[in-house]
Structures are given as structure tokens and as C-alpha cells.
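Predicted model only: the values in this text are computed from it and were never measured. In the text below, chain A, chain B and the rest are named by the order of the sequence lines, each starting its count at 1. Note: hydrogens, waters and symmetry copies are ignored here, and every other heavy atom, side chains too, is used.
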There are 2 protein chains.
Amino acid sequence: MDDIDRAIIAELRADSRAPYAAIGAEVGLSASATKRRVDRMVADRTIRRFTVDVDPAAEGAGTEAYVELFCRGTIAPHELRRMLLAIPEVVEAGTVTGEADAVGVLRAAGDQELEQALEKVRAAGSVDHTKSSVVLSRLITR
Amino acid sequence: MDDIDRAIIAELRADSRAPYAAIGAEVGLSASATKRRVDRMVADRTIRRFTVDVDPAAEGAGTEAYVELFCRGTIAPHELRRMLLAIPEVVEAGTVTGEADAVGVLRAAGDQELEQALEKVRAAGSVDHTKSSVVLSRLITR
DNA sequence: GATGAAACCTAACCTTT
DNA sequence: AAAGGTTAGGTTTCATC
């Protein structure tokens with residue numbers, strides 16, 4: 001992973017369908033040399049996948065919340081993972097330091113749908129209580 | 001935005017470089033009909049961009065934290081935005097309901113770099129104090 | 001949904017360090 | 001060897017019908 005790799009990733013992040021020749025021109029390589037580096041990074045799993053950034057509002061996920069989870073007793077991370085995976089509105093989650101046991105990001109169509117998703121989280125065994133921060137206005141998305 | 005659009009988006013999310021013919025085969029459309037729909041969604045800004053999902057650890061952003069921001073007095077959202085935008089480690093942020101004024105997601109190479117980024121957040125005028133939850137293990141990424 | 005020209009991808013081969 | 005350049009042929013895109 002050198003500076004050229006990083007430059008290629010920056011280009012791909014902005015437009016992952018740009019021709020290799022165009023990316024190569026930006027980073028100072030030929031099209032095939034660029035492709036070879038991209039192929040290597042895909043094989044490496046440095047690049048996990050080629051994807052799209054979709055407007056959340058356009059597909060019914062306009063309401064978002066950061067949720068702290070407090071569990072009863074001790075819970076195995078993989079248990080927690082299994083349980084959160086069953087709730088599609090949970091788009092991100094991790095165990096954390098601090099008071100809470102875990103933090104999750106929930107996305108739903110609206111307030112009601114978000115509330116229902118939160119109920120599903122709380123209904124799950126071993127979750128004692130939650131503390132939510134509903135996003136009012138998005139300031140940064142990078 | 002109908003079910004076919006949603007199906008196309010699901011395909012693009014998994015592999016945004018798949019040929020239109022392949023996506024069309026999955027959703028029951030010809031290559032050109034598929035392309036027309038994708039072009040419309042790009043024009044719509046339903047699809048914001050074609051991008052890549054990169055392993056954070058591979059490019060020096062392996063340490064992550066959810067940070068609650070508590071401000072002094074009242075602060076205009078756009079002020080907060082301007083200030084957080086200046087800190088590249090802040091990858092996400094929004095004003096929220098609840099005790100905190102805002103929540104942000106920070107990503108840095110390691111603990112030290114995260115701490116430095118946090119200091120930058122706290123040093124910014126009008127930020128009274130912060131409350132961080134450092135991610136120990138990532139459970140879900142969707 | 002189909003067609004054809006232009007652009008692009010891809011893999012093999014060659015050159016350089 | 002390892003990394004980049006070049007070329008040729010097959011595939012994909014894209015505008016038009």
C-alpha cells in the first residue's frame with residue numbers, strides 16, 4: 001500500500017466506474033498498470049467491493065439514530081451480533097468502551113418505523129435498556 | 001422508485017461494476033432498459049455516486065469511536081458543521097435529540113491518532129465537553 | 001427491446017529496474 | 001523477480017432506431 005495505491009483509491013471512491021485510463025492519467029500510470037494494482041487490492045481485500053452510495057431518503061431510510069445498548073450481565077459479542085443482524089434497520093454496530101456495552105446505528109423510513117425497530121432491539125433477550133439519539137440534521141457524511 | 005429500481009440498487013450495492021446485461025438478467029430486464037433506469041437514478045440523485053468499500057484497517061483508519069458532543073450555550077448547526085469539517089477524522093456527524101447536542105463518528109489510524117483528533121474536536125470553540133465510546137469490535141456493517 | 005459503432009476491459013507479451 | 005508499458009481481440013456501453 002503506497003502513495004499510488006492511495007491515490008487510486010481516492011479516485012475510485014469518487015467514481016468507481018471511471019475508466020482505468022482516466023484513473024491512470026490522474027495517478028501517473030498506464031491503464032493496465034492501474035488495473036493490475038486495482039486487481040491486487042481486490043485480491044488483498046483492501047478493496048472490499050465496488051458499490052453505490054444511495055440517497056437514504058430515496059429508499060425509505062431517512063430517519064436515523066445512534067443507540068447505546070446496555071445489557072444484562074455479560075453477553076458474548078457474537079451473541080449480540082446474531083441478535084442485531086436479525087434487525088435489518090441496524091446498519092452498523094460495535095461493542096464499545098464506556099458505560100454502554102455497544103453502540104448501534106439504526107436507519108428507518110420514519111419516526112414510527114424507527115420506534116418499531118428500537119422495540120425489536122429492546123425486546124431481544126439480554127438487552128436491559130437503550131439510550132437513543134435521533135439525528136435531527138446530518139452535518140457530515142464522508 | 002419501484003421494486004425493480006430497488007432490485008437494481010441491491011445488485012449495484014453488491015457489485016457496481018457488473019455489466020448492465022448481468023444486472024438486467026437478475027431483475028428481468030434487458031441491458032438497455034437497465035441502463036436507462038440506472039441513468040435516471042443517477043440524474044435523480046437517488047444514486048449519489050459509484051464508489052468502493054475499502055478496508056479501514058488497510059488505510060490507517062482502524063480505530064473508531066462514537067462521540068457525543070456537548071456545546072456551550074446554543075450553537076448554529078452550520079457553525080458546528082464548519083468546525084467538524086475541518087477535522088478529517090470526523091467521518092460522520094449530525095445534530096441529535098437527547099442530552100448531547102450532536103453525535104459524531106471518528107476514524108483514525110490508532111488510539112493515539114484518535115486521541116489527537118478528539119483533542120481537536122474539544123479544542124474547537126463552543127464545544128464544552130465530549131463523551132466517547134471507542135469501538136472494541138465491529139459487530140455489523142451493512 | 002434491438003442494433004452497431006465507439007469506448008473500454010483484459011490478458012498476453014515485451015521492456016525496464 | 002517485480003513493476004510498468006503496449007498491443008490486439010473480445011466485451012460493454014451508449015446513442016439511435
By side-chain contact (heavy atoms from CB on, under 4.5 Å), B:Ser30 pairs with (sequence neighbours left out) B:Ser32, B:Ala33
Contacts satisfying side chain to side chain donor-acceptor pair (under 3.5 Å) that involve residues 68-77 of chain B (not counting sequence neighbours) are B:Arg72-B:Asp128
With sequence neighbours left out, the residues meeting ring pair (Phe, Tyr, Trp, His ring centres under 6.0 Å) with B:His78 are none
Quiz item: Do A:Asp5 and A:Arg37 have side-chain heavy atoms sitting under 4.5 Å apart?
Solution: yes
Numerically ordered, the residues 15-25 of chain A set in heavy-atom contact under 4.0 Å with DNA chain C is A:Pro19, A:Tyr20
Double-helix bend of the helix from C:dG1-D:dC17 to C:dT17-D:dA1, axes at both ends from 5 pairs, round to 10°, gives 20°
Chain A vs DNA chain D, heavy-atom contacts under 4.0 Å, first-to-last nucleotide span, 5' to 3', is D:dG4 to D:dT6
Sequence neighbours excluded, the answer for side-chain contact (heavy atoms from CB on, under 4.5 Å) partners of A:Asp44 is A:Arg40, A:Thr46
side-chain contact (heavy atoms from CB on, under 4.5 Å) filter on A:Val135, not counting sequence neighbours, yields A:Glu64, A:Tyr66, B:Val96
(request) Taking the side chain as every heavy atom from C-beta outward, state whether A:Val91 and B:Ile140 have any atom pair closer than 4.5 Å. (result) no
So, B:Arg13 and A:Glu59, do they make that salt bridge, N to O below 4.0 Å?
yes
>> Within the 4.5 Å heavy-atom criterion, are A:Glu119 and A:Thr130 side-chain neighbours or not?
In response: no
The correct set of residues in residues 30-46 of chain A placing a heavy atom under 4.0 Å from DNA chain D is A:Ser30, A:Ser32, A:Ala33, A:Arg36, A:Arg37
By side-chain contact (heavy atoms from CB on, under 4.5 Å), A:Ala18 pairs with (sequence neighbours left out) A:Asp15, A:Ile23
Residue pairs meeting ring-ring contact (aromatic ring centres under 6.0 Å, His included), one or both in residues 101-142 of chain B, sequence neighbours left out, come to B:Phe70-B:His129
Those residues at least two apart in sequence (or on a different chain) that pass side-chain hydrogen bond (donor to acceptor under 3.5 Å, both in side chains) with A:Ser137 are B:Thr95
